[in-house]
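Hydrogens, waters and symmetry mates play no part in the numbers below; they use all other heavy atoms, side chains included. Chain identifiers are assigned alphabetically (A, B, ...) following the order of the sequence lines, protein sequences preceding nucleic acid strands; residue numbering begins at 1 within each chain.
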Amino acid sequence: MIRLTLPDGRTGEYSEGITPAELLMQSSARREQYVAAMLDNQIIDLSRPLNRALLEELGSADRVPHLRWLTVQDREALDVLRHSAAHMMARAILRLYPGAKLAFGPATETGFYYDIDVRPAIREEDFPRIEAEMQSLIERAEPFERIELPTAEARALCADLGQTYKVEHIDDQLARYPRVSFYRQGEFLDLCRGPHVPHAGYIRAFKLLSIAGAYWKNDASRPQLQRLYGTAFFRKEDLEAFLQQLEEAKKRDHRILGRQLGIFTLSPMVGSGLVLWLPKGATIRYTLESFIREELLKRGYQPVYTPHIGRLELYRTSGHFPYYRDAQYPPLFLHPLGQTIDTWAEALSQGKLSQDQEKAFLELARSWGLDLHGYNQAGSSSEKLQVLQSWLEEQEAYLVKPMNCPHHIQIYKSELRSYRDLPIRLAEFGTVYRYEQTGELAGMTRVRGFTQDDAHLFVTPEQVEAEMVSNLELVLYVLKSVGLTDYRVRVGLRDPVSTKYVGKEENWNRAQAILLDIVKQLGMPYSAEVGEAAFYGPKIDFVVRDCLGREWQLGTVQLDYNLPERFELEYVGKDNQRHRPIMIHRAPFGSFERFCGILIEHFAGAFPLWLAPEQARVLPVSDKFHDYARQVEARLRGHGFRVTSDLRPQKIGAKIRDAQLEKIPYMLIVGEREQQTEGVALRDRIDGDLGLHPLSAVIERLAREVQEKTIRQVAKSALVFSDRGTRFES
RNA sequence: GCUGCUGUAGCUCAGCUGGUAGAGCACGUCCUUGGUAAGGACGAGGUCAUGGGUUCGAAUCCCAUCAGCAGCUCCA
């Protein structure tokens, strides 16, 4: 017998092997609404026999577990449905493309996917066939049958089926389990943990959405599979609504709004990922810059300016050049062969230099009269590399800067610092360039040239905590000022296994302990993530989602014991001895480009008054009132407002419509009445016509709204993303 | 970088299986002087992303390059 507590709160004894479905029959519920069951926190099939083995497997053996049923209303049930839909897609593909190999096929926040190795490659034009096959399978409403096998047998079965990825998965991940499960439906058998809906007929609405490449086990060095995305719902109208929401979300996309509202543009002639800020966008940025600049002065920062390029040596020392070489624009060598020798050395170091190439390089070097002392005498390629590298290191070369810190470090080093001077906080809106992979570029959110609201703090060990806290508070203040409340905090930690990190372990441990301590102290919900640290230190990132649910890092605060060592930074302590300062890197916005992109989506282009590039527009009813309109405009401009007048020979309705579509916060309509009373008819972007007001009252009203940085509306995300992690994989 | 898709006027898009381009908006000129989301007429605008190829003939088919989109990988 097993004991269970049912949703009504009563605990009862039931015979071993009874299923949730059977228990449901004993109640009076209508069965077809039910999709799966939840045993404590685990979702299981309705047909799963409840027995001791299961309870032990779920870790519920030593208490009386709660059982409840999931209906089509439950979010978790939707995940189950979508996972089942992924199976149906896989089954359909296997029927249409015999020999296709399956990898993983989980539910996602908005649907499902399945990673498949299939030849010839599936194309989007194949979707109708696949969907038709799925539909006909779904109409058969065949049950999903769970089968458990000893792991060795399961492996053999997968091997028999030619499912080599499943075999590899068993070897990698599942070998430690005595038994694993499959789900069978008709001829289709798939290694899968489940759970599934009772039968395929539950899938009443589905659609294949897109196709993409995805590496096996998320590893770029492994084969690339085809990932087919789709979504599924219990009801057709939910699918329709979802597709509608997707369309709505796209309208909020900063790339669309950025064009429509004249905020930014990109030009292939300038280069991809290089943002051109249009006047409206530049005004937003200028306002943000002024805002943060004022905060920095209040908080004891000192402004600095540094050049856009620096000696390569600087970035060799900092480690940025060697670590991020392929994500940078190539170094600029003054010697005409610099780039060539550099390419040569790179090929050599990667073992990719052919004999022909080597010959050609040598020939070139000789014809330019270059004396590569001893290259020909060098026996091994590491000796050859040595020769090339020592030549390269002697060359004058520059790097467009990928980071501001090395420059700021040189400012720190420009004089001998006393502990009395610390903390030193050097701030600069520093523009940096990184050669991001083409596939990563996206509007303003991922670009190749961007300006960070950067600063570097040089502090004593005693000051670390207070400075970290005050910077986190600054980030929170910035986010609050624009009403960005939907963010998550990520504490990026070192991955001890990875080799990408520099510095001593004890420093890392100390830095990480401080960060974790601070976020706990501040009571911020956070997730600590291994492998998310910068190469020189751990960091705290503020991450937001864009209109399509993708995550972007905005503000960041980073603790760094390593660059001070690499650059041998010092200050003189109270004891008259030399000590090493600690650095804090931080950027509350992150970059103006990304922040602005996110803001566009956050406000759906309708910026609050303090940020709006055009805050008010004067709309004369006819050209008889142009003079008065100009007067009103001048008054407002005199009070510091960004204002224009619409003097086109258009009817007032058309002028209003245009101003509305441009999302201008206030329209000031002027005609006979207004001219006589020195007033304006105020029209609000949100509330519409507010009637006649004295101009002075309007100025006061707008001034207050700017002063208080009032946020009257932000965009509601059309797409609903689940925040729970209920996912199943096949 | 990888997989798949896309690229026609400033913008949004139409142009069937190859026969040398079209709409709306925006823009310009003129008319209209209008009171809270589109007044009217006329006009100008495209070597159909770029470069090759196939063909009597290419926006349309093929290849390459560039750029963009979705995803993967990466992100100091």
Give each protein N/O atom lying under 3.5 Å from an N/O atom of nucleotides 41-48 of chain B, with the pair distance.
none

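The shortest distance between the side-chain N/O atoms of A:Arg123 and the OP1/OP2 oxygens of B:C5 is below 4.0 Å. Under 4.0 angstrom from either OP1 or OP2 of B:G10 there lies no side-chain N or O belonging to A:Arg259. In this structure, A:Lys217 does not reach the B:U73 phosphate: none of its side-chain N or O atoms is under 4.0 Å from OP1 or OP2. Listed pair A:Arg446 / B:C75 fails the phosphate criterion, with no side-chain N or O lying under 4.0 Å from OP1 or OP2. The side chain of A:Tyr323 contributes no N or O atom lying less than 4.0 Å from OP1 or OP2 of B:A76. Within the structure, every side-chain polar atom (N or O) of A:Arg685 is placed at least 4.0 Å from both OP1 and OP2 of B:A37.
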*Can A:Tyr412 and A:His408 be said to form a side chain to side chain contact (heavy atoms under 4.5 Å, CB included), step by step?*
CA-CA 6 Å; A:Tyr412 178 88; A:His408 291 178; over 6 Å; no
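In this structure, A:Glu551 reaches neither bases nor backbone, as no heavy-atom distance under 4.0 Å exists between it and the strands shown. If you check every strand for non-hydrogen atoms under 4.0 Å, A:Glu532 touches nothing. Among the atoms of the strands shown, none is found under 4.0 Å from any heavy atom of A:Ala659. Note on A:Arg683: a base of the nucleic acid sits closer than 4.0 angstrom, heavy atoms only. Among the heavy atoms of the strands lying under 4.0 Å from A:Ala220 are primed sugar atoms or P, OP1, OP2 only; no base atom is included. Within 4.0 Å of A:Lys250, counting heavy atoms only, lies no atom of the nucleic acid at all.
Listed by chain and residue number, nothing satisfies the side-chain contact (heavy atoms from CB on, under 4.5 Å) test with A:Lys651 (two or more places apart in sequence, or in another chain).
Looking at A:Gln452 and A:Asn404, their side chains do bring a donor and an acceptor atom within 3.5 Å of each other.
Relative to the six-membered ring of A:Tyr113, A:Arg227 meets both conditions, a distance below 6.0 Å and an angle of at most 45° to the axis.
Ring orientation note: the planes of A:His585 and A:His456 are nearly perpendicular, at an angle over 60° on the 30°/60° scale. In this pair, A:Phe535 and A:His320 present their aromatic rings perpendicular. The plane angle is above 60°, beyond the 30 to 60° band.
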